[in-house]
Amino acid sequence: MPKPLILKFGGTSVGTPEAMQQAAQVVARARKQHGPVVVVTSALSGVTDRLLTATRAAAQDGHNGQTRAQAAEAIYAAHQAIAAALLPPERRAAALDAVRQRVETFRRLVEAIAVLGEVTPRAYDAVASLGERMSAPLLAAVLEAQGVPAQAVDAAELIVTDATFQNARPDLEASTPKMRAVLEPLLEQGITPVVTGFIGATSDGVTTTLGRGGSDYTAALLGAGLDAAEVWIYTDVDGVMSADPRIVPDARTLPRLSYREVAELAYFGAKVLHPKTIRPVVERGIPLRVRNTFNPDGPDTLIVAEAEASPGTVKAVTLIRGLCLVTVEGRGMLGVPGVAARTFAAVAATETSVVLITQASSEQSIVFAVPEGAADTIVQALESTFAAEIARRDIDRIGLTRGVAVVTVVGAGMQRTRGVAGRVFTALGDAGVNVVGIAQGSSEVAISFVVDAAEAEDAVRAVHGLTRR
Ligand code: ASP
Ligand code: MG
């Protein structure tokens, strides 16, 4: 048997009748052209969010059952619409039966959470896993109806994880024999397995999830465990783009990206793959492509382990909005060790992740960017951490600048190309954008800078102009 192809569909690729129809066609065609195919599916778009919101609401405001009742209805209706559009009447009841059972499980779980008035990470996973447990049987039924023999497979049978609920770490070694034992016999019979993304189980069989967006991870794990020919991640845009096309109309699909570049893009706000999720396939040299369900013959992006040898320069530009800058400033900080450590310990205690840090070499200020929503908490935390220094005037103040954005320029070729930073800042100057702060990643595949939120899109467009040279 040839090596299988893994096809993963994100939520928007299965979220409507039209989308699921497209996805089914992509599967049918891949099967004809390539041979054995393993499908991985996300929940229908919006379903995981609804499940989690209703769970939270049940824990916080349990006597008000409206959110969970609405969620149950909306989730069922979304699946029903697909079944009505894509399944012949005689197949609908059976397919929707699986969905109905999951909706019932959802009702019972959130009822229990409402009674308890609290929710554990383990319970969150029990609920969150239901989205994929509804979409996979439905997609399998749609494939069958279109003449592709298919069978839904629950990934709890395939993927063994630790017990870090909501962000479980998979054990590929323990999972591989399970994947092979369950999926290879299906493939040999010409049946296309439709595996629930996102889900795993502890060695005791308790359901876990791999973190938000975890279906990509499922696809990569299956790719590694089954020694796949390739892994194709289907989404609703033409691969990974050089910028957000809503900001930059002439943004282009990037034909190749290295693992490091993907990591920088993901970290700095591009809606691409999470680097940890693709590592299992990249490490094994299995090609991974990002493709568009709605434009299956359009351009795609191939992710490779190493950057190309020939230096390009700027490849892509990303934007993170909704940030503010926090400044810890004072002449008394000069040469005093531990200020940075105490600053970031205080920030870490608020469970905020810091997007970008710069320190002037004079050591008289530390500046960092954090999400706007965390700003007040962080300022309070720092004021209490440094109360003594502030009283002594060693630290003048904890400053806060609201309404900033971070723009990041990514491209592995920048490492070997002099003057990229100069060109970037010239382009910004020419566009009249004022740069508030700068940081260059030590990886040298990215330069980030802070701009006023109002100038952020101009900054992205100005720098994107450099991707052509
Ligand atoms: N359905 C899950 C989520 O929304 C997993 C995924 O779509 O990859 O996070
Ligand atoms: Mg996703």
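Counting starts at 1 for both ligands and their atoms, in listed order. Along the sequence shown, residues carry numbers from 1.
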Check residues 240-252 and write down every donor-acceptor pair under 3.5 Å in which the side-chain atom is one partner and the other belongs to a residue at least two apart or another chain.
residue: S242; atom: OG; partner: R252; partner atom: N; Å: 2.8
residue: S242; atom: OG; partner: R252; partner atom: O; Å: 3.4
residue: S242; atom: OG; partner: H464; partner atom: NE2; Å: 2.7
residue: D244; atom: OD1; partner: R246; partner atom: N; Å: 2.9
residue: D244; atom: OD1; partner: R246; partner atom: NE; Å: 3.1
residue: D244; atom: OD2; partner: R246; partner atom: NE; Å: 3.4
residue: D244; atom: OD2; partner: R246; partner atom: NH2; Å: 2.9
residue: D250; atom: OD2; partner: R468; partner atom: NH2; Å: 3.3
residue: R252; atom: NH2; partner: T467; partner atom: OG1; Å: 3.1

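- Proximity of G197 to ligand 1 is not established, as no heavy-atom distance is less than 4.0 Å.
- Distances between N or O atoms of K8 and those of ligand 1 include no value under 3.5 Å.
- Remark: distances from the non-hydrogen atoms of G213 to ligand 1 include one below 4.0 Å.
- Counting only distance, with no hydrogens or angles, the side chain of E261 and the backbone of S258 share a donor-acceptor pair below 3.5 Å.
- Using modelled atom types, no side-chain atom of T277 and backbone atom of L273 make a donor-acceptor pair closer than 3.5 Å.
- Every atom of ligand 1 is numbered from 1 in the order shown, and the set under 4.0 Å from a heavy atom of R212 is 3 (C), 4 (O), 9 (O).
- Polar contact with ligand 1: absent for F198 (N/O pair, distance under 3.5 Å).
- Screening V262, I447, L265 for a side-chain contact (heavy atoms from CB on, under 4.5 Å) involving V410 leaves a single residue, L265.
- Near S42, the atoms of ligand 1 lying under 4.0 angstrom from a non-hydrogen atom of the residue are 6 (C), 7 (O), 8 (O).
- R107 contributes no side-chain N or O that, together with a main-chain N or O of A69, makes up a donor-acceptor pair within less than 3.5 Å.
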Per-pair distances, 0.1 Å, donor-acceptor, side chain in residues 72-86, under 3.5 Å, sequence neighbours excluded:
residue: Y76; atom: OH; partner: R100; partner atom: NH2; Å: 3.1
residue: H79; atom: ND1; partner: I75; partner atom: O; Å: 2.7

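- Some N or O of T48 is nearer than 3.5 Å to an N or O of ligand 1, by distance alone.
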